[in-house]
Amino acid sequence: MFCKTLLPAPALQEFVRNYKILHLKFNNGNPIPFKYRPPKTEQGIVFYIAGSVNLQDVNSGTIQTPAPVSVFSHQTDKKRFQVSSEFYMFTIFLHAGVMYRLIGMPMTNLNESYHDAELFFGTDIRTVTEQLAEAPDYLSMVPIVEKFLLAKFRSLQMRNAVDVAANYLLSD
């Protein structure tokens, strides 16, 4: 098992809160545990490098299996996460307001679901996923993601007063 939270490069700290790399392997034959996740005010991009996850809305019972690279927004309901026997992901957690500036869509339109990142970033995102899968070790994944992010954030407008207030309210 590997689980690590990393800070972004200084050039990305206005946009990216942190990264999380999670790699789990479960023995065949043993039941794979699930995890309940409380509501969270997070938004970001997640790369599922190996395996998959099923997300069950605890209230409605609906199950979603996200795309290999997904965009996600605020979760207001409790979810149950069930992963495959090998599960490997790289998540980019963005600061409040950044996703809106990046994709030009209010987060309320994402309806608490995970959406295929290709809809917003095109097929270029596949190259990033392939490079992550071929990375020789966990930490060498960060420069791959940061190269992609720097290209995307280069044209973004500076944050506004609402973003500043939201980040203040959501900070630890």
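In this text the structure is predicted, and so the values were computed from the model without any measurement.
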Q: Can you give me the closest heavy-atom contact between Val58 and Tyr36, atom names plus distance?
A: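 For Val58 and Tyr36, the tightest heavy-atom pair comes out as CG2-CE2, 3.7 Å.
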
Q: Any heavy-atom pair between the side chains of Leu94 and Phe153 that's under 4.5 Å?
A: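 They are in side-chain contact.
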
Q: Suppose we screen for side chain to side chain donor-acceptor pair (under 3.5 Å). Which residues come up paired with Ser84, at least two apart in sequence or across chains?
A: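 Partners of Ser84 by the side chain to side chain donor-acceptor pair (under 3.5 Å) criterion come out as none, since no residue qualifies.
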
Q: Only distances under 3.5 Å count here; give the side-chain donor-acceptor pairs of residues 138-148 to other protein atoms, sequence neighbours excluded, each with its distance to 0.1 Å.
A:
| residue | atom | partner | partner atom | Å |
| --- | --- | --- | --- | --- |
| Tyr138 | OH | His23 | ND1 | 2.7 |
| Ser140 | OG | Asp137 | N | 3.4 |
| Ser140 | OG | Asp137 | O | 2.8 |
| Ser140 | OG | Asp137 | OD1 | 3.3 |
| Glu146 | OE2 | Ala9 | N | 2.8 |
| Glu146 | OE2 | Tyr19 | OH | 2.8 |

Q: Mind checking whether Leu150 and Val69 sit in one hydrophobic cluster, side chains of I, L, V, M, F, W, Y counted as touching below 4.5 Å?
A: yes

Q: Any heavy-atom pair between the side chains of Ile45 and Phe121 that's under 4.5 Å?
A: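 SC-SC contact between Phe121 and Ile45 confirmed.
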
Q: Going by the rule salt bridge (Lys or Arg N to Asp or Glu O under 4.0 Å), which residues pair with Arg80 if we only count those two or more places apart in sequence or in a different chain?
A: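 Testing Arg80 for salt bridge (Lys or Arg N to Asp or Glu O under 4.0 Å), a comparison that skips the adjacent residues, returns none.
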
Q: Using a 3.5 Å distance criterion without hydrogens, assess whether the side chain of Gln43 forms a donor-acceptor pair with backbone atoms of Ala96.
A: no

Q: Which residues pass the ring pair (Phe, Tyr, Trp, His ring centres under 6.0 Å) test with Phe120, sequence neighbours left out?
A: none

Q: Not counting sequence neighbours, list each pair that qualifies as a side-chain hydrogen bond (donor to acceptor under 3.5 Å, both in side chains) and has a residue in residues 119-129.
A: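 Listed by first then second residue: Glu118-Arg126.
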
Q: Does the pair Asp57 and Lys79 meet the rule for a side-chain contact (heavy atoms from CB on, under 4.5 Å), with working shown?
A: CA-CA 5 Å; Asp57 185 301; Lys79 301 268 191 230; 3.5 Å; yes

Q: Leu6 versus Lys4: any side-chain heavy-atom pair under 4.5 Å?
A: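 Yes, side chains in contact.
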
Q: Please determine if Glu42 and Lys20 form a salt bridge, counting it only when a charged side-chain N lies under 4.0 Å from a carboxylate O.
A: no

Q: Which ring pair (Phe, Tyr, Trp, His ring centres under 6.0 Å) pairs, counting each pair once, include a residue from residues 38-63, with sequence neighbours left out?
A: Tyr48-Phe87

